[in-house]
Amino acid sequence: MNTPASFASAGAKSSESLSSSSMAAYPECEVLEALHALLGADAGLLYEAHGRSLHRLVGAARDASLPGCEPLLCGLRLARALLVEEMLPGETFGSPKAVADYLKLHFAGQGHESFAVLFLNAQHGLIAFEDLFRGTLTQTSVYPREVLRRALRYNAAAVILAHNHPSGMVEPSRADLALTAALKDALAFIDVRVLDHVVVAGSRTVSMAERGLV
């Protein structure tokens, strides 16, 4: 358990097409209007400079390379907070769409892999969410011992695991599947269930539980 387990993104294709496909279902004029309210007169120029991609724009804001983009990040934080409100009263796992939407917002524009955990109570209500490990563009080292330590700290009864693939390939890799199995076995020793492991790539997600992989 002292040796970190690593998982790698499945492939290294670009995620450029993800934002354009999602924008097709949402009027671009409304996107620009919302950006103008957040970023002011430079909103259109910033949007164009980043290939008319919200993922690229948010990524640049995350890296603090764009002045004046803090309102955009604040907007993301508010959106995540709204989704947390939806997950708190009832069963988190009973609202997979809310979980997927929250995770997509959490990882939006992130240019590196990271591994996060939703800690749940016995009724599957959300106790806490933590981004535990940060990696590179293609892989992250995950320490099962630390995941167990945090689960014990929160007295969690169950967890939902999550990580992102900045490459844009949403399919779980073999390393992802092996890590999921290892964490499931380790957490079982302290009576904590792994309900799901969600992979996020841009606007797409894959639930390993829905595929019978957990």
Side-chain angles (χ1 to χ4, degrees), residues 5 7 22 54-55 58-59 61-62 70 72-110 112-135 140-166 170 172 176-177 179-214:
F7 61 84
S22 61
L54 287 177
H55 282 282
V58 170
R62 278 180 178 272
E70 180 59 25
L72 180 59
L73 298 181
C74 286
L76 282 174
R77 289 195 287 270
L78 283 173
R80 290 199 300 267
L82 283 171
L83 287 167
V84 166
E85 282 187 10
E86 181 178 341
M87 292 189 290
L88 280 173
E91 293 191 1
T92 299
F93 195 59
S95 181
K97 184 180 184 302
V99 173
D101 288 345
Y102 178 83
L103 291 172
K104 283 188 285 187
L105 285 173
H106 174 74
F107 291 118
Q110 189 168 289
H112 59 272
E113 281 201 6
S114 64
F115 183 88
V117 181
L118 290 91
F119 298 95
L120 313 176
N121 60 26
Q123 290 73 43
H124 299 169
L126 183 65
I127 300 172
F129 173 85
E130 286 200 32
D131 213 337
L132 290 179
F133 307 105
R134 172 174 175 152
T140 302
S141 293
V142 175
Y143 297 81
R145 180 177 176 180
E146 180 62 19
V147 178
L148 266 66
R149 189 176 75 83
R150 305 302 281 181
L152 287 169
R153 174 189 175 185
Y154 291 116
N155 195 27
V159 296
I160 295 175
L161 312 173
H163 76 279
N164 65 316
H165 283 175
V170 74
D176 296 340
L177 299 177
L179 173 65
T180 305
L183 286 172
K184 182 179 177 181
D185 290 343
L187 286 162
F189 282 110
I190 57 171
D191 295 322
V192 175
R193 291 181 58 205
V194 175
L195 299 182
D196 201 356
H197 187 164
V198 181
V199 182
V200 180
S203 61
R204 297 180 296 167
T205 62
V206 164
S207 162
M208 293 192 194
E210 289 181 354
R211 293 191 177 184
L213 299 174
V214 175

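Note that the numbering runs from 1 along the sequence shown for the chain.
- The two residues His165 and Pro172 make their nearest non-hydrogen contact at CE1-CA, 4.5 Å.
- Remark: Leu126 CG to Phe119 CZ distance equals 10.0 Å, nearest 0.5 Å.
- In terms of heavy atoms, Ile127 sits closest to Ala156 at CD1-CA, 4.1 Å.
- Aromatic ring orientation, His197 versus His163: perpendicular (interplanar angle above 60°, classes split at 30° and 60°).
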request  = Could you check Leu183 against Val147 for side-chain contact (heavy atoms from CB on, under 4.5 Å), going step by step and ending with a plain yes or no?
outcome  = CA-CA 8 Å; Leu183 286 172; Val147 178; 4.2 Å; yes
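- The two residues Ala151 and Val192 have their closest heavy-atom pair at CB-CG2, 4.4 Å.
- Residue Leu195 forms a side chain to side chain contact (heavy atoms under 4.5 Å, CB included) with just one option from Leu161, Leu120, Val99, Val214, and that option is Leu120.
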inquiry  = side-chain contact (heavy atoms from CB on, under 4.5 Å) for Met208 and Asp176? Distances and angles first, verdict last.
reply    = CA-CA 10 Å; Met208 293 192 194; Asp176 296 340; 3.8 Å; yes
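- For the pair Ser114/Phe107, a side-chain contact is recorded, criterion being any heavy-atom separation below 4.5 Å from C-beta on.
- Residues Val199 and Val170 share a closest heavy-atom pair of CG1-O, 3.4 Å.
- Ring-plane geometry between Tyr102 and Phe129 is classed as perpendicular, the angle between the planes exceeding 60 degrees on a 0 to 90 degree scale with a lower cut at 30.
- Glu146 has its side chain within reach of Arg150: a pair of non-hydrogen atoms, C-beta onward, lies under 4.5 Å apart.
- You'll find the side chain of Leu187 stays beyond 4.5 Å of the side chain of Arg193, heavy atoms only.
- When all heavy atoms of Lys104 and Arg204 are compared, the pair lying nearest together is CD-N, 4.3 Å.
- No side-chain heavy atom of Leu132 sits under 4.5 Å from any side-chain heavy atom of Tyr143.
- At distances below 3.5 Å, not a single donor-acceptor pair connects side-chain atoms of Asp191 with backbone N or O atoms of Ala157.
- Atom-to-atom distance recorded for Asp131:CG and Gln110:CD is 6.0 Å, nearest 0.5 angstrom.
- Side-chain atoms of Ile190 and Leu152, non-hydrogen and from C-beta on, do get closer than 4.5 Å to each other.
- Residues Lys184 and Val194 approach most closely at CA-CG2, 3.7 Å, considering heavy atoms.
- Between Phe115 and Leu179, the closest side-chain pair of non-hydrogen atoms falls below 4.5 Å.
- Ser207 places none of its side-chain heavy atoms less than 4.5 Å from the side chain of Thr205.
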